[in-house]
A.B. asks: 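So that we are looking at the same thing, I have put the structure below in structure tokens.
Throughout, a chain's letter reflects where its sequence line sits, starting with A, and its residues are numbered from 1.
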Amino acid sequence: MRMTRYFLPLLKEVPSDAQIASHQLMMRAGMIRQAAAGIYSWLPLGLRVMQKIERIVVEEQTRAGHLPMLMPTLQPATLWEESGRYSDYGEEMLRITDRHDRKLLYGPTNEEMITDIFREHVHSYRDLPLTLFHVQWKFRDEIRPRYGVMRGREFLMKDGYNFDVDQDEAIHAYNRHMVSYLRTYERLGLQAIPMRADTGPIGGNHSHEFLVLASTGESRVHYDAAILDLKLKDAAIDYDSHDRCAAVVAEWTTPYARTEETHDATVFADRVPAGRRVESRAIEVGQIFYFGTKYSEVMGATVTNAAGQSVPVHMGSHGIGVSRLVGAIIEAHHDDRGIRWPLSVAPFQVGLVNLAHNDTGCRTTCEQLYRELAGLGLEVLYDDRDESPGAQFASMTLIGLPWMVAVGPRSLAGGEVEFTERASGIRSSHPHETAARHLADRIGLPPV
RNA sequence: CGGGGCGUGGCGCAGUCUGGUUAGCGCGACGGUUUUGGGAACCGUAGGUCGUUGGUUCGAAUCCAAUCGCCCCGACCA
């Protein structure tokens with residue numbers, strides 16, 4: 001993408017409304033624009049990041065055997081009257097009336113609708129286990145939206161729902177989700193800690209939240225520092241194996257880690273050595289629930305089991321805040337000059353900068369590198385603007401692409417171009433003829 | 001919802017207390033010239049119903065009232 005043809009409204013100054021780093025940087029990098037309190041437009045650069053996150057989330061869910069679908073944003077109130085939540089949910093639910101005076105609501109979550117779909121079409125234990133998910137916009141009319149996309153009223157969430165014949169199977173689904181979530185966060189460049197959680201208005205009795213440590217987080221958390229040493233890595237996990245999934249869950253939930261709501265100071269002091277007790281702030285980026293037959297009983301979602309009896313199906317639900325993750329990743333990866341995107345979610349992997357717009361040699365080299373890098377499968381943002389080098393460097397640093405390739409007369413005189421890795425700040429030079437391949441190797445792309 | 005604050009060119013702000021003639025400043029934008037390795041310099045240009053409505057007054061960005069919007073602190077939440 002050539003910058004002169006892109007839509008990238010960068011801001012030099014910090015908008016006065018933005019308080020925390022991620023919000024300020026998203027505004028300055030031209031990723032979002034506020035439409036109303038807690039409601040944002042996603043500009044091209046921001047959308048690219050959000051879509052990359054969504055893709056990773058979907059890939060990991062699919063890998064775990066969960067099936068993508070899509071439910072609407074608007075739901076009939078009748079479903080929620082059936083579950084009792086139309087009156088229970090309160091002011092956070094945005095209620096809408098259509099032209100025929102029918103009551104609708106902008107979905108804050110989808111347990112009712114998915115249960116309705118399930119009960120209509122699934123009747124036998126032979127069709128289980130079943131886990132369906134979608135990535136869809138939600139609306140929760142927060143009392144006080146804040147921190148940009150971190151606490152928006154409208155937000156993009158992946159929410160999934162499992163249906164199982166009994167509690168054992170449903171707990172396996174719960175475990176499977178924890179593993180798939182840990183994998184997801186790791187791919188996103190985040191260290192997310194599962195913490196025992198309250199179940200809140202969704203209900204149920206078995207739940208974990210996933211929290212990313214950040215000083216600007218809204219949650220206060222207490223944990224055993226030993227949990228920070230856990231790594232899932234790329235271990236191939238058999239999602240069909242109850243034992244393997246349970247083992248991973250056991251490993252990750254044994255060290256003490258709780259939010260303020262479930263924190264028990266006595267247990268904390270008893271079980272965790274003094275030197276490893278950490279209290280900190282964190283951002284919640286996901287939550288999983290097992291709630292048994294809470295919805296299936298009231299809504300009549302039953303299956304016939306192997307013994308021929310009709311039993312209410314066991315369910316759980318699981319959510320990952322996709323739009324919030326954009327902010328959370330920035331909170332975890334930035335410095336005082338801008339964003340430092342992890343490679344996996346970077347809007348472009350490489351920024352190519354022509355430092356001397358009117359220099360034929362620089363321009364020719366840039367054009368060639370631009371073609372070569374794209375040919376190797378790299379996503380390149382090419383700064384072909386006629387700006388001063390200082391402004392170009394500052395823009396690239398702000399946007400935070402993992403790699404910058406600078407082409408200027410000084411190094412090009414020696415036949416070289418300059419690489420800068422955003423995360424480390426380390427610069428190096430390389431002959432321009434082989435620069436594209438060299439960078440592809442550094443990034444780890446296979447030969448074409 | 002309780003408490004606090006703010007609405008003035010695209011962005012950041014001054015001016016409001018103490019009403020007074022063409023509403024300023026920095027950044028940005030546009031045109032030109034000179035520049036070009038970490039947010040360049042100079043010259044010029046465009047852009048504002050001072051959130052909205054009503055009131056007080058000879059006169060309102062400024063005083064009064066209402067209203068809309070946004071932000072911060074608290075209780076609630078992916």
A.B. asks: Can you tell me the distance, in whole Å, between the OH atom of A:Tyr147 and the P atom of B:C71?
C.D. replies: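 Atom-to-atom, A:Tyr147 to B:C71, this comes out as 12 Å.
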A.B. asks: How many whole angstroms separate atom CG of A:Asp88 from atom C1' of B:C76?
C.D. replies: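 Distance check: A:Asp88 CG to B:C76 C1' gives 15 Å.
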A.B. asks: Would you classify A:Val285 as touching base, sugar-phosphate or nothing, given that sugar-phosphate means primed atoms plus P, OP1 and OP2, and contacts are heavy atoms under 4.0 Å?
C.D. replies: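 Sugar-phosphate, no base atom in range.
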A.B. asks: When you check every protein heavy atom under 4.0 Å of nucleotides 30-35 of chain B, what one-letter string (B, S, -) results, 5' to 3'?
C.D. replies: ------
A.B. asks: Select base, sugar-phosphate, or nothing to describe what A:Gly319 touches, counting heavy atoms under 4.0 Å on all strands.
C.D. replies: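 Contact class for A:Gly319: none.
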A.B. asks: Do the side-chain N and O atoms of A:Arg176 and A:His66 include a donor-acceptor pair separated by under 3.5 angstrom?
C.D. replies: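 Yes, side-chain donor-acceptor contact under 3.5 Å.
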A.B. asks: Which base sits across from B:A60 as a Watson-Crick or G-U pair, both distances under 3.5 Å?
C.D. replies: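 B:A60 is unpaired by these criteria.
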A.B. asks: Which value, in whole Å, describes the distance between the P atoms of nucleotides B:U56 and B:G9?
C.D. replies: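 One P to the other, the span is 28 Å.
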A.B. asks: Counting only side-chain heavy atoms from C-beta out, which of B:G38, B:C27, B:A75 sits nearest to A:Ile143?
C.D. replies: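 Looking only at side-chain atoms, A:Ile143 lies closest to B:A75.
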A.B. asks: Given the C1' atoms of B:C58 and B:C6, what is the spacing between them in whole Å?
C.D. replies: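 Their C1' atoms lie roughly 32 Å apart.
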A.B. asks: For B:G39 and B:G44, measure between their C1' atoms and round to the nearest Å.
C.D. replies: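 Going atom to atom, C1' in each nucleotide, I get 23 Å.
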A.B. asks: Does CD in A:Glu260 sit with more than 12 non-hydrogen atoms of other residues, nucleotides or ligands closer than 6.0 Å?
C.D. replies: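 Counting other residues, nucleotides and ligands, CD of A:Glu260 exceeds 12 neighbours.
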A.B. asks: With P as the reference atom in both, quote the distance from B:G48 to B:G2 in angstrom, rounded to an integer.
C.D. replies: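 My reading of the P atoms in B:G48 and B:G2 gives 39 Å.
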A.B. asks: Specify the separation, in whole Å, of atom CD of A:Glu260 and atom P of B:G74.
C.D. replies: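 Rounding to the nearest Å, CD of A:Glu260 and P of B:G74 are 13 Å apart.
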A.B. asks: Looking at B:G39, does its base get a donor-acceptor pair with the side chain of A:Arg28 below 3.5 Å?
C.D. replies: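 Present.
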A.B. asks: Does A:Ala356 reach a base, just sugar-phosphate, or nothing at all? Heavy atoms under 4.0 Å.
C.D. replies: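 Nothing, no nucleic acid heavy atom in range.
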A.B. asks: The side chain of A:Pro389 lies closest to which of these nucleotides: B:G38, B:C76, B:G37?
C.D. replies: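 Of all the options, the side chain of A:Pro389 is nearest to B:G37.
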A.B. asks: Whether A:Lys12 contacts B:G39 is assessed here as follows: a side-chain N or O lying under 4.0 Å from the phosphate OP1 or OP2. Is that the case?
C.D. replies: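 False: A:Lys12 side-chain N/O out of range (4.0 Å or more) of B:G39 OP1/OP2.
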A.B. asks: Need the pair for B:U45. Rule: Watson-Crick or G-U wobble, both distances under 3.5 Å, any strand; none if unpaired.
C.D. replies: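 For B:U45, the partner nucleotide comes out as B:A29, under the 3.5 Å rule.
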A.B. asks: Just checking, is any N or O donor in the side chain of A:Tyr290 or A:His314 under 3.5 Å from an acceptor N or O on the other one?
C.D. replies: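 Result is yes, a qualifying pair exists.
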A.B. asks: Can a donor-acceptor pair be found between the side chains of A:His263 and A:Thr259 at a distance below 3.5 Å?
C.D. replies: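 Note: A:His263 and A:Thr259 side chains miss the donor-acceptor criterion.
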A.B. asks: When both hydrogen-bonding distances must be under 3.5 Å and the geometry is Watson-Crick or G-U wobble, what is B:A65 paired with, if anything?
C.D. replies: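 In the structure as shown, B:A65 has B:U53 as its Watson-Crick or wobble partner.
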A.B. asks: To the nearest angstrom, how far is A:His23 atom NE2 from B:C71 atom P?
C.D. replies: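 Going from A:His23 (NE2) to B:C71 (P), I get 8 Å.
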A.B. asks: Can you find an N or O donor on one side and an acceptor on the other, under 3.5 Å apart, linking the side chain of A:Thr397 with the base of B:G38?
C.D. replies: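 Indeed there is one.
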A.B. asks: So if I take every side-chain heavy atom of A:Ser16 and compare against B:C70, B:G39, B:C13, which nucleotide ends up nearest?
C.D. replies: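 The nucleotide sitting nearest to the side chain is B:C13.
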A.B. asks: What is the separation between atom CD on A:Glu91 and atom P on B:C1, rounded to the nearest whole Å?
C.D. replies: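 Distance, rounded to whole Å: 8 Å.
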A.B. asks: Both A:His357 and A:Gln392 contact RNA chain B. Taking the nearest nucleotide for each, which residue is further toward the 5' end?
C.D. replies: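 The 5'-side residue here is A:His357.
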A.B. asks: We want to know whether A:Glu331 and A:Thr216 form a side-chain donor-acceptor pair, criterion being a heavy-atom distance below 3.5 angstrom.
C.D. replies: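 The criterion, which ignores hydrogens and geometry beyond distance, is satisfied for A:Thr216 and A:Glu331.
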A.B. asks: Between A:Arg146 and A:Val14, name the one whose nearest nucleotide on RNA chain B is closer to the 5' end.
C.D. replies: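 On the 5' side of the pair lies A:Val14.
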A.B. asks: Tell me whether the rings of A:Phe348 and A:Tyr6 are parallel (<30°), tilted (30 to 60°) or perpendicular (>60°).
C.D. replies: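 Geometry flag for A:Tyr6 against A:Phe348: perpendicular rings.
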A.B. asks: For a quick check of understanding: with a heavy-atom distance under 4.0 Å over all strands, which category does A:Arg153 fall into, base, sugar-phosphate or nothing?
C.D. replies: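 Since no nucleic acid heavy atom lies under 4.0 Å of A:Arg153, the category is nothing.
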A.B. asks: Considering every strand shown, what is the Watson-Crick or G-U wobble mate of B:G38 when both distances are under 3.5 Å?
C.D. replies: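 Here B:G38 is not engaged in any pair, so there is no nucleotide opposite it.
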A.B. asks: Work out how far the P atom of B:G5 is from that of B:A14, and round it to whole angstrom.
C.D. replies: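 It works out to 16 Å between them.
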A.B. asks: Check every strand shown and say whether A:Gly338 touches a base, only sugar-phosphate, or nothing at a heavy-atom separation below 4.0 Å.
C.D. replies: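 Nothing, no nucleic acid heavy atom in range.
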A.B. asks: How many whole angstroms separate atom CZ of A:Arg363 from atom C1' of B:U36?
C.D. replies: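 Result: 15 Å.
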A.B. asks: Using the side chain to side chain contact (heavy atoms under 4.5 Å, CB included) definition, which of the options A:Ile339, A:Leu43, A:Leu8, A:Ile399 pairs with A:Met31?
C.D. replies: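 Of the listed options, the one satisfying the test is A:Ile339.
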A.B. asks: Side chain of A:Ala36 only, please: which of B:C70, B:A29, B:G37 is the nearest?
C.D. replies: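 Of the candidates, B:C70 comes closest.
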A.B. asks: Does the side chain of A:Gln34 get closer than 4.0 angstrom to OP1 or OP2 of B:C71 through an N or O atom?
C.D. replies: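 Indeed, a polar side-chain atom of A:Gln34 lies that close.
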A.B. asks: Do the side-chain N and O atoms of A:Arg5 and A:Tyr382 include a donor-acceptor pair separated by under 3.5 angstrom?
C.D. replies: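 Result is no, nothing qualifies.
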A.B. asks: Please state how far atom CG in A:Leu11 lies from atom C1' in B:G10, giving the value in whole angstrom units.
C.D. replies: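 Those two atoms, CG and C1', are 9 Å apart.
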A.B. asks: Could you state the atom-to-atom distance from CD of A:Gln19 to P of B:G74 in whole Å?
C.D. replies: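 Value for this atom pair: 12 Å.
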A.B. asks: Where do A:Glu421 and A:Arg427 land on the salt bridge (Lys or Arg N to Asp or Glu O under 4.0 Å) test, with the steps shown first?
C.D. replies: CA-CA 7 Å; A:Glu421 187 180 25; A:Arg427 293 182 214 171; over 6 Å; no
A.B. asks: Verify the contact: side-chain N or O of A:Tyr89 to OP1 or OP2 of B:C76, cut-off strictly under 4.0 Å; return yes or no.
C.D. replies: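 Answer is no, no contact under 4.0 Å.
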A.B. asks: Could you please name the partner base of B:G2, counting Watson-Crick and G-U wobble pairs only when both distances are under 3.5 Å?
C.D. replies: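 By the stated definition (distances under 3.5 Å), B:C73 pairs with B:G2.
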A.B. asks: Using a heavy-atom cut-off of 4.0 Å across all strands, would you classify A:Ala18 as base, sugar-phosphate, or nothing?
C.D. replies: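 Answer is nothing: A:Ala18 stays at 4.0 Å or more from every strand.
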A.B. asks: For B:C72, does either OP1 or OP2 sit under 4.0 Å from a side-chain N or O belonging to A:Arg144?
C.D. replies: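 For B:C72, OP1/OP2 do have a side-chain N/O of A:Arg144 under 4.0 Å.
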A.B. asks: Determine whether the side chains of A:Glu60 and A:Ser180 contain a donor N or O and an acceptor N or O closer than 3.5 Å.
C.D. replies: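 No pair is found: no donor N or O on one side chain lies under 3.5 Å from an acceptor on the other.
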A.B. asks: In whole Å, what separates the C1' atom of B:C1 from that of B:G19?
C.D. replies: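 Comparing C1' positions in B:C1 and B:G19 gives a spacing of 37 Å.
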A.B. asks: Quick check: any donor-acceptor pair below 3.5 Å linking the side-chain of A:Ser411 to the base of B:G37?
C.D. replies: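 Present.
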A.B. asks: Measuring only the C1' atom in each nucleotide, how far is B:U62 from B:G20? A whole number of Å is fine.
C.D. replies: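 Pairwise C1' distance, B:U62 against B:G20, rounds to 11 Å.
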A.B. asks: Can you find a donor-acceptor pair, distance only, under 3.5 Å between A:Glu13 side chain and B:G28 base?
C.D. replies: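 Side chain to base: no pair below 3.5 Å.
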A.B. asks: Do A:Pro108 and A:Glu92 come within less than 4.5 Å of each other through their side chains, counting heavy atoms only?
C.D. replies: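 A:Pro108 does not reach A:Glu92 side chain to side chain.
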A.B. asks: Taking only the P atom of each, what is the distance from B:U35 to B:A46 in whole angstrom?
C.D. replies: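 Those two atoms are separated by 28 Å.
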